[in-house]
Amino acid sequence: MNTKDRAREIHARLKGRYPAPAPALDWTNAWELLVATVLAAQCTDERVNKVTPVLFERWPDIASLAEADVAQLETVVRSTGFFRNKAKNLKAAARRVVDVYGGEVPRTMADLITLGGVARKTANIVLSNAFNVHEGIAVDTHVKRLSFRMGLTANTDPVRIEKDLMPLYPRAAWGEINHFLVYFGREVCPARTPKCASCELNDICPKNGVGK
DNA sequence: ATCCCGAGGG
DNA sequence: CCCTCTGGAT
């Protein structure tokens, strides 16, 4: 089976397994999703969902976070790790959204990645989930690991992986590719001990990346 | 390539 | 102890 056929087959089977993927992060608007996604770097979504209610209680909108006391913000986001970077980046991002984008979260990749702490992965998540705009595919730790193991890419650099994945799927599916691979990665094919014996993709998996 | 960095699992 | 968690900047 060639790469494109395998990619389509993976998508079809995962779509059957996850017919209506529920979002893992809790959010009610684009700004909340942006904040939650920044906090999710090297951190479980479960922990992010415990922090964001406290954060949005104290700083309910973009304008208030732009004026936040950084030390207080650090305390609130501390348990998500990288807390100094995250606090500094979030306040600066809020400041820039207010000053440059009229208080509205920008809706393009080019504008989103001008915000500190926001690169392609975070921008793709916000664009596809909050705005239904698909400029690319969000490549996080799960998408990276699964794409390599399933032979959809020979690269390890997230930007190259994204460029390898994009031509394999119709643009309308770019958003759900992330969801499917994240959930499947968690439940069946985690980094450390993949459940190959009970995996429904076993027959089409080259297994060329397991253990790496 | 290296640093940022806490929390939970094995 | 070591590894991993929906990364990004230098």
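Values in this document were obtained by computation on a predicted structure and should not be read as measured data.
Counting heavy atoms from C-beta on, the side chains of A:Leu65 and A:Trp31 come closer than 4.5 Å.
Using a 4.0 Å heavy-atom criterion, one finds that A:Thr122 contacts the sugar-phosphate atoms exclusively. A:Asn89 comes within 4.0 angstrom of nothing in the nucleic acid, heavy atoms only. Across all strands shown, A:Val118 has heavy atoms under 4.0 Å from sugar-phosphate atoms exclusively, and none from any base. Across all strands shown, A:Leu181 has no heavy atoms under 4.0 Å from either base or sugar-phosphate atoms.
A salt bridge links A:Asp45 and A:Arg186; the closest N-O separation between the charged side-chain nitrogens and carboxylate oxygens is under 4.0 Å. Contact check on A:Asp164 versus A:Arg160 returns no salt bridge, with no Lys/Arg side-chain nitrogen under 4.0 Å from an Asp/Glu carboxylate oxygen. Using a 4.0 Å cut-off between charged nitrogen and carboxylate oxygen, A:Arg13 and A:Asp203 count as a salt-bridge pair. The pair A:Glu74-A:Arg84 does not meet the salt-bridge criterion, since no charged nitrogen lies less than 4.0 angstrom from a carboxylate oxygen. Taking 4.0 Å as the cut-off between side-chain N and carboxylate O, A:Lys195 and A:Glu187 do not count as a salt-bridged pair.
For the pair A:Leu25 CG and C:dG7 P, the interatomic distance rounds to 10 Å; values are reported in whole Å. Nucleotide C:dG7 holds its C1' atom 10 Å from the NZ atom of A:Lys144, rounded to whole Å. The interatomic distance linking A:Phe180 (CZ) with C:dT6 (C1') rounds to 16 Å, in whole Å. With rounding to whole Å, A:Asn124 atom CG is found 14 Å from C:dG8 atom C1'. Between A:Asp45 atom CG and C:dC5 atom P there is a gap of 12 Å when expressed in whole angstrom units. Separating the CG atom of A:Asp26 from the P atom of C:dT6 is a distance of 14 Å, rounded to the nearest angstrom. For the pair A:Ile113 CD1 and C:dG7 C1', the interatomic distance rounds to 14 Å; values are reported in whole Å.
For the P atom pair drawn from B:dT2 and C:dT6, the interatomic distance equals 25 Å after rounding to whole Å.
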Under the criterion side chain to side chain donor-acceptor pair (under 3.5 Å), I'd like the reasoning laid out for A:His179 against A:Asn129: C-alpha separation, chi angles, the key distance, then a yes or no. CA-CA 10 Å; A:His179 282 129; A:Asn129 290 282; 3.3 Å; yes
Worked check of ring-ring contact (aromatic ring centres under 6.0 Å, His included) between A:Tyr169 and A:His11: CA-CA 9 Å; A:Tyr169 298 102; A:His11 182 248; 5.7 Å; yes
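When each of A:Gly116 and A:Asn178 is assigned the nucleotide of DNA chain C with its nearest heavy atom, A:Asn178 is the one assigned upstream, toward the 5' end. Position along DNA chain C of the nearest nucleotide to A:His179 versus A:Gly117 favours A:His179 as the more 5'-ward residue.
With C:dT6, C:dG8, C:dC5 as the candidates, the nucleotide lying closest to the side chain of A:Arg186 is C:dT6.
Side chain of A:Ser64 to backbone of A:Asp61: a donor-acceptor contact under 3.5 angstrom is found. A distance-only check finds a donor-acceptor pair linking the side chain of A:Lys91 to the backbone of A:Ala68 [under 3.5 Å].
Residues from residues 130-143 of chain A lying near DNA chain B, meaning a heavy-atom separation below 4.0 Å, are absent.
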For every nucleotide of nucleotides 1-10 of chain B, 5' to 3': is a protein heavy atom under 4.0 Å from its base (B), only from its sugar-phosphate (S), or from neither (-)? ---BBBSSB-
